[in-house]
Amino acid sequence: MLYNYNSAFLKDIVDLLNIKCDGIYIDCTFGCGGHSVNILKSLSSKGKLISFDIDSESVKLSKYFINDNRFLIINDNFTNLEYYVNKFSLFNKIDGIIFDLGMSSIQLDNPLRGFSFNKNGPLDMRMNQNIGVTAANWLNNAKEIDIYNVIKNFGEEFYAKKIASEIVFIRKNNKLINTMDLCNIINRVVFCKKFYKNKSTRTFQAIRIFINKELDNLKKGLNSAYNVLSNGGKLLVISFNSLEDRIVKNFINSKSNVNYSLLDDIPLTLDQIKKLNPIKMLNLGKFKPSYNDILLNNRIRSAILRLCKKVI
């Protein structure tokens with residue numbers, strides 16, 4: 001049983017990665033398994049897929065519907081992928097790596113996880129519920145300036161100051177426990193012109209990103225992915241907000257652009273500059289979901305896919 005078959009760009013990843021039937025691939029964010037299953041369908045008996053997920057619920061799901069000796073799932077953060085690639089003696093042998101940075105349906109649809117502002121449940125928001133501080137714990141103890149900075153910087157929320165101030169005022173008498181406690185505060189102070197956008201979207205995103213250190217982990221994961229890819233190996237990243245996409249875009253640009261300012265006081269030819277500062281990746285483009293894909297799964301409407309290839 002596949003829990004969610006409408007993963008972002010589900011039909012495109014095999015073509016974009018140009019899957020080799022006997023290749024070795026890594027899915028850094030297993031989620032509900034849509035991408036992993038599609039990759040496995042394209043592999044021969046000699047191929048291999050390693051998937052990561054920090055969420056133990058996703059790992060349990062994988063064992064329920066995937067029984068395949070070509071497949072290995074690791075219950076760990078993708079920031080540690082270099083360790084495992086070295087452990088399995090696969091360094092520079094990886095043909096393709098995919099990151100799908102979206103929330104899985106396992107997380108969003110379960111009110112006990114605290115990710116959804118549409119379902120009341122404990123204000124948790126941890127990807128790995130065995131470690132770290134819950135969102136409720138942090139919101140009830142953090143300084144107002146810290147709450148403001150998180151909501152402003154990670155949610156790009158115009159009303160961040162008002163939300164932070166209201167949280168600190170309310171928690172004096174009533175601690176925040178459930179998701180609706182936070183939603184009620186946001187609804188009182190946020191004015192949203194866009195009827196299709198929930199007022200809580202940006203704040204929930206910001207707190208989730210902070211609690212799980214998502215942006216720092218993404219930077220580490222991208223560098224690790226580059227390090228382990230083979231020559232010609234492809235990196236595919238699907239992001240869902242401007243903060244993530246900016247990190248991915250800057251990472252690709254840093255590897256794919258020639259630094260023309262290098263030693264600008266010394267006359268150098270373009271070929272000499274390229275030798276001193278070689279291109280390490282080819283930028284293969286940016287893609288957005290089709291209208292039909294969005295109709296099948298409205299949650300992917302903001303998705304952006306970026307693709308690049310390692311060259312050494």
Side-chain angles (χ1 to χ4, degrees), residues 9 13-31 33-40 42-44 46-55 58-59 62 66 68-102 127-128 212-239 244-245 247-257 277-285 305-312:
F9 301 98
I13 61 161
V14 170
D15 291 335
L16 292 173
L17 288 175
N18 193 23
I19 300 287
K20 301 176 183 177
C21 62
D22 58 349
I24 303 172
Y25 295 87
I26 295 178
D27 181 354
C28 288
T29 47
F30 181 83
H35 293 128
S36 284
V37 169
N38 247 24
I39 292 171
L40 280 171
S42 302
L43 296 178
S44 69
K46 294 180 180 180
K48 188 171 184 63
L49 172 66
I50 301 171
S51 293
F52 285 81
D53 208 297
I54 196 172
D55 195 325
S58 286
V59 175
S62 75
I66 298 180
D68 196 317
N69 58 14
R70 302 169 301 166
F71 174 74
L72 172 66
I73 189 161
I74 299 171
N75 187 193
D76 201 351
N77 198 307
F78 56 65
T79 56
N80 297 317
L81 78 88
E82 270 190 88
Y83 165 78
Y84 291 100
V85 169
N86 274 319
K87 179 181 178 181
F88 302 137
S89 301
L90 295 174
F91 209 83
N92 293 329
K93 296 180 181 179
I94 307 300
D95 296 298
I97 298 178
I98 176 173
F99 290 81
D100 180 347
L101 304 175
M127 301 286 189
N128 183 344
N212 295 287
K213 302 177 181 177
E214 292 179 30
L215 301 186
D216 286 340
N217 289 341
L218 175 57
K219 292 174 185 176
K220 293 175 184 176
L222 291 173
N223 281 301
S224 294
Y226 171 79
N227 290 340
V228 304
L229 276 171
S230 65
N231 184 20
K234 290 185 177 180
L235 174 62
L236 185 156
V237 187
I238 303 168
S239 59
E244 293 171 343
D245 183 57
I247 289 172
V248 178
K249 177 184 176 181
N250 290 340
F251 170 78
I252 294 174
N253 286 342
S254 72
K255 300 290 186 185
S256 61
N257 289 337
N277 180 231
I279 292 174
K280 299 175 181 179
M281 299 196 94
L282 293 179
N283 188 341
L284 300 180
L305 183 156
R306 292 187 184 269
L307 180 68
C308 56
K309 180 170 74 171
K310 182 174 180 178
V311 289
I312 54 175

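Numbers here are sequence positions counted from 1.
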| request: Keeping the roles fixed (side chain from Asn223, backbone from Lys219), state whether a donor-acceptor pair exists under 3.5 Å. | output: yes
| query | Can you list the steps and then say if Lys280 with Val311 is a side chain to side chain contact (heavy atoms under 4.5 Å, CB included)? | reply | CA-CA 5 Å; Lys280 299 175 181 179; Val311 289; 5.6 Å; no
| field | Derivation of the side chain to side chain contact (heavy atoms under 4.5 Å, CB included) call for Leu236 and Phe9 | value | CA-CA 11 Å; Leu236 185 156; Phe9 301 98; over 6 Å; no
| What's the spacing between Leu229 CG and Phe91 CZ if we round to 0.5 Å? | 10.0 Å
| Is the backbone N or O of Ile54 less than 3.5 Å from a side-chain atom of Asn75, with the two atoms forming a donor-acceptor pair by type? | yes
| request: Measure the shortest side-chain to side-chain distance between Val228 and Asn86 over non-hydrogen atoms and say whether it is less than 4.5 angstrom. | output: no
| message | Heavy-atom count check: over 12 atoms from other residues, nucleotides or ligands less than 6.0 Å from Phe88 CZ? | response | yes
| Lys/Arg cation over aromatic Tyr226: Lys310, 6.0 Å, 45° cone | yes
| query | Nearest 0.5 Å, what's the CD1-CG distance between Ile73 and Asp27? | reply | 8.0 Å
| query | Where do Tyr25 and Asn18 come nearest, in terms of heavy atoms and distance? | reply | OH-O, 3.9 Å
| query | Where do Leu49 and Ser36 come nearest, in terms of heavy atoms and distance? | reply | CD2-O, 3.4 Å
| message | Using every non-hydrogen atom in the two residues, find where Met281 and Ser256 come nearest and quote the distance to one decimal. | response | O-CB, 3.0 Å
| request: Would you confirm whether Asp95, through its side chain, and Ile24, through its main-chain N or O, come within 3.5 Å as a donor-acceptor pair? | output: yes
| field | Lys93 NZ to Lys48 NZ distance, which is reported to the nearest 0.5 Å | value | 12.5 Å
| Say you draw a straight line from CG of Asp15 to CG of Asn38; how long is it, rounded to the nearest 0.5 Å? | 9.5 Å
| message | If you apply the rule side chain to side chain contact (heavy atoms under 4.5 Å, CB included), what do you find for Asp100 with Ile13, and how did you get there? | response | CA-CA 11 Å; Asp100 180 347; Ile13 61 161; over 6 Å; no
| field | Minimum heavy-atom distance Ala225-Leu235, with the two atoms named | value | CB-CD1, 4.0 Å
| message | Using a 3.5 Å distance criterion without hydrogens, assess whether the side chain of Ser230 forms a donor-acceptor pair with backbone atoms of Ile94. | response | yes
| request: Taking the side chain as every heavy atom from C-beta outward, state whether Ile252 and Val237 have any pair of such atoms under 4.5 Å apart. | output: no
| query | Is there a donor-acceptor contact under 3.5 Å linking the side chains of Tyr84 and Asp76? | reply | yes
| Donor-acceptor contact present, side-chain Asn212 to main-chain Met127, <3.5 Å | yes
| request: Answer yes or no: is there a donor N or O on one side and an acceptor on the other, between the side chain of Asp53 and the main chain of Gly31, under 3.5 Å? | output: yes
| Hey, what's the ring geometry for Phe30 with Phe71, parallel, tilted or perpendicular (30° and 60° as the breaks)? | tilted
| field | Thr29 vs Ile238, side chain to side chain contact (heavy atoms under 4.5 Å, CB included): CA-CA, chis, key distance, verdict | value | CA-CA 10 Å; Thr29 47; Ile238 303 168; over 6 Å; no
| query | Any idea which heavy atoms bring Phe99 and Gly221 closest together, and the distance? | reply | CZ-O, 3.5 Å
| task | Could you tell me whether the side chain of Asp68 and the main chain of Arg70 form a donor-acceptor pair under 3.5 Å? | result | yes
| said: Can you give me the closest heavy-atom contact between Leu222 and Phe251, atom names plus distance? | reply: O-CZ, 3.4 Å
| Nearest-0.5 Å distance that lies between atom OG in Ser224 and atom CD1 in Ile97 | 9.0 Å
| message | Could you measure the distance from the CG atom of Leu101 to the CG atom of Asn217? Nearest 0.5 Å is fine. | response | 10.5 Å
